[in-house]
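Data block below; observations after.
So you know, we letter chains A, B, ... as the sequences are listed, proteins then strands, and number each from 1. Treat the numbers as computed from the prediction; the structure is a model and nothing was measured.
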Amino acid sequence: MKELLLGNEAIARGAWEAGVKFASGYPGTPSTEILETLAKHYPEVDSQWSANEKVAFEEGMGAAIGGLRVMVTMKMVGLNVAADSFMVFPYSGTNGGFVVISADDPGMHSSQNEQDNRYLALMAKVPVLEPSDAQECKDFVKLGLEISEQFSGPVMLRTTTRLAHHKGLVELGERAEVPQRKFTPDAKRFSVPIYRTLLRPGVEKRIANLRDYAETTPVNRVEWRSGQPGEPPTQGSVGFVSSSIAYQYAREIMPEASVFRLGLTHPVPPRALKEFCAAHETVYVVEEGEPFIEDQLKAMGITNLVGKSIFGVIGEYSPERLAKAIGLNVPEKPDFGKEITVLPRPPMLCVGCGHRTVFDSLKQLKVTVAGDIGCYTMGALPPYEASHTTFCMGASISTAFGLERAGHERAVAIIGDSTFVHAGIPALIDAVYNGSSLTLIILDNSTTGMTGQQPHPSAGKTLRGKPAPKLDLEGLVRAAGVKQVQVVDTWQRKDVARAVRSAVGHDGPAVVITRGPCMRLPEMKLSERGERPYFIDEALCTKCDACFKVWCPAITRTSAGFPIIDPVECTACTVCAQMCPVEAIGPMC
Amino acid sequence: MNTTNLIFAGVGGQGVLLIAELTARAAVRAGFDVKQTEVHGVSQRGGSVESHVRFGPVVYSPLVTAGQADVVVGLEKLEGLRYANFVNLQCGSLLVNDHEIIPGSVAGAAEKYPHYAIEFLRGKGLKVTAIPASRWAKDLGDGRVANMIMLGAMSALTPQMSEEVWLATLTERIPEKYRALNLKAFETGRSFASPLASPLPAEAGSDPKDLSKN
Ligand code: SF4
Ligand code: SF4
């Protein structure tokens, strides 16, 4: 039976069919739906969100050494967090099958950088599988586990945004129960670093063996359409070497050209590739991201290649972009923007999200603010413009510490509860230990908001909805040595402002926890709240525009310039009414 | 080259992804190869949302190329304008919900909003059909089913899928609680567009029933 599945759903299905027993990860676009699908539809797989990617990876590592088939999921920057373990795991190698999903994001649809994780795999000497459609997303998980077991090493399955978030038809299969392998303690292999020197040659041997495997595996397939192997190339004959979703684009724009489709992109098969390239006059190397395959081909001495020099390394590919680069005929896309305003529609904090009050108070205090990864990155945009740095998970606290050392005495760090648990805790402990007097604001929305409301240790439940011991943030912060800890309702504008001001003025480190659940949590859904949406009385409104500073998407304008509230959208959070100096805003009667 | 190319565009929360998914499912039911894609993440926070659906005997890329779209469905005027340049000028058309959602966070947005986008695009030679879907949806009892009205109208432009296929798809996917209302909205859009499928009327009146009598 065939079903329309998201790339990520297909990966989850693949894990289930392949007999995976344990799956862990940390949410991050575009990888998140994999574990969510597993938790929702496949109870046979013990799946969980972990506190961060390093923890997830190591828990998976333990389960694999313990003899299970395992899958670990994360977005590409997540693998940076897990890099320590990722680099060392190939030395001992695995016992049960182990596949780590690295979901890359060319075009940075929802990421802080572009990063081609195939290089991390190259560095760790881990093989890389790259599926090119939803069907292969499913099939390659199984293949990855088989390779992992056959070569006793971890395998990376690399997806990209377009692959993870496209839907295609997938042939469904049954689950295979794979017997657990026996774990035999072996100090030389697993426990004593000094013996790793003995294991080092094995890492090289594995890659050499995989290179031979790459020559014959059917996922590296040649699709001959012009010029047969061994024949001299016909004048102007064109071939493609491609992987992942870019392979589909190559097929789309030049259906008549031959393609060497690489499903295994590290290590690549040198013999087969040389033969393919020799049979064509020009070979286009089409891969999203960096010239990973291209450089490997160049290193083999192949010269009739055209790749990044015309396609570029920046951003996402599309059939259009590739066709244009090659010089094919593409219909021109008219640019209406020159004649009519095509207004941007930037993302913003959700209607009713209480945490916007934090930016309001920060702006008034005119302090330097180090932000973090989450919804609150939007606080850097107008009209708040109250967050001045964003780097990576947990970096707000340590960056604020550094800013403080550089003379910004009233530095403030803002971080979400999920991010705090992920990577903020050691940074806070460090800052307190090293004598900082920074202010930390934890925007506690009881979930991982940005990626779609995944629970975490301070949310009080697990991925599978089971109640869990709720991490006590106040207690934790106090245990780190912070004396001034305040907890406020995030919808109370004045309370938030007062708490932040007092924290900034406090001599020594201070923490403000602004508490208010994410509006996208099921219990906060509009239908159950705000039966009486707020409205603006035009007779009282002075058009001072104070309510627009709430930046609530439910507030727009009439043609006469008065603010109006969309009653369907408004959640009756009251914040705009708190802003209005003339009390023109109130609940509808 | 028998691939049908569709783009659905709107504002986060309008139900763009749902109607794109329904279209993809209907195409599967009708026996086609199908690919669909959308952008997730921050774009869902009240920003623009787009989804591409392609179906045919064999589909490679999930992305629609510029100038290739058979139908662009805009659930909001500005978003319709944003993706209008994907429309195939020879045989494609733009279906747009004549409803305005002014981007709240952009300074001076109310003044700069392109109210006359539809007339502008027609002037550029595009086949544009404006439907007061949000108004009709409110008349049906729930403003949120505007997306289903637009889907219904689009369904009349994609004869590759029969009415039975659509109804079976909707019945399967929409929870019982909301089914009747959604089916009604779908039929409203479909009966507006179908008797007039080619060419579509330039402008729709306020009452869909009147139009189907034409
Ligand atoms: S997702 Fe939740 S936390 Fe994020 S902006 Fe929306 S309501 Fe606020
Ligand atoms: S009360 Fe005001 S700020 Fe809150 S959701 Fe309604 S319009 Fe937006």
Side chain from CB out, backbone as N, CA, C, O: work out which of these in [X] comes under 4.5 Å of a heavy atom of chain A, or both, or neither.
X	result
B:Arg54	side chain
B:Glu76	side chain
B:Val28	side chain
B:Phe32	backbone

Whether the A:Thr32 and A:Gln454 side chains hold a donor-acceptor pair (N or O, under 3.5 Å, no angle test) is what I'd like checked. no
If we ignore angles and hydrogens, is there a donor and acceptor under 3.5 Å between the side chains of B:Asp70 and B:Thr4? no
Heavy-atom cut-off 4.5 Å, strictly under: side chain, backbone, both or neither for [X] against chain B?
X	result
A:Tyr384	neither
A:Pro30	neither
A:Leu381	neither
A:Thr556	side chain
A:Pro334	both
A:Leu4	side chain
A:Asp133	side chain

Regarding [X] and [Y], does a basic nitrogen lie under 4.0 Å from an acidic carboxylate oxygen?
X	Y	value
B:Glu187	B:Arg190	no
A:Arg225	A:Glu256	no
B:Asp142	B:Lys184	no
A:Glu223	A:Arg251	yes
A:Glu136	A:Arg261	yes

Closest-packed option against chain A by number of heavy-atom pairs under 4.5 Å, given [options]:
options	value
B:Leu63, B:Val11, B:Leu89	B:Leu63
B:Val53, B:Thr65, B:Val58	B:Thr65
B:Val59, B:Leu81, B:Leu78, B:Asn88	B:Leu78

Anything under 30° is parallel, anything over 60° is perpendicular, the rest tilted; go ahead and classify A:Phe336 against B:Phe120. perpendicular
For atom CD of B:Glu176, is the number of surrounding heavy atoms from other residues, nucleotides or ligands below 6.0 Å larger than 12? no
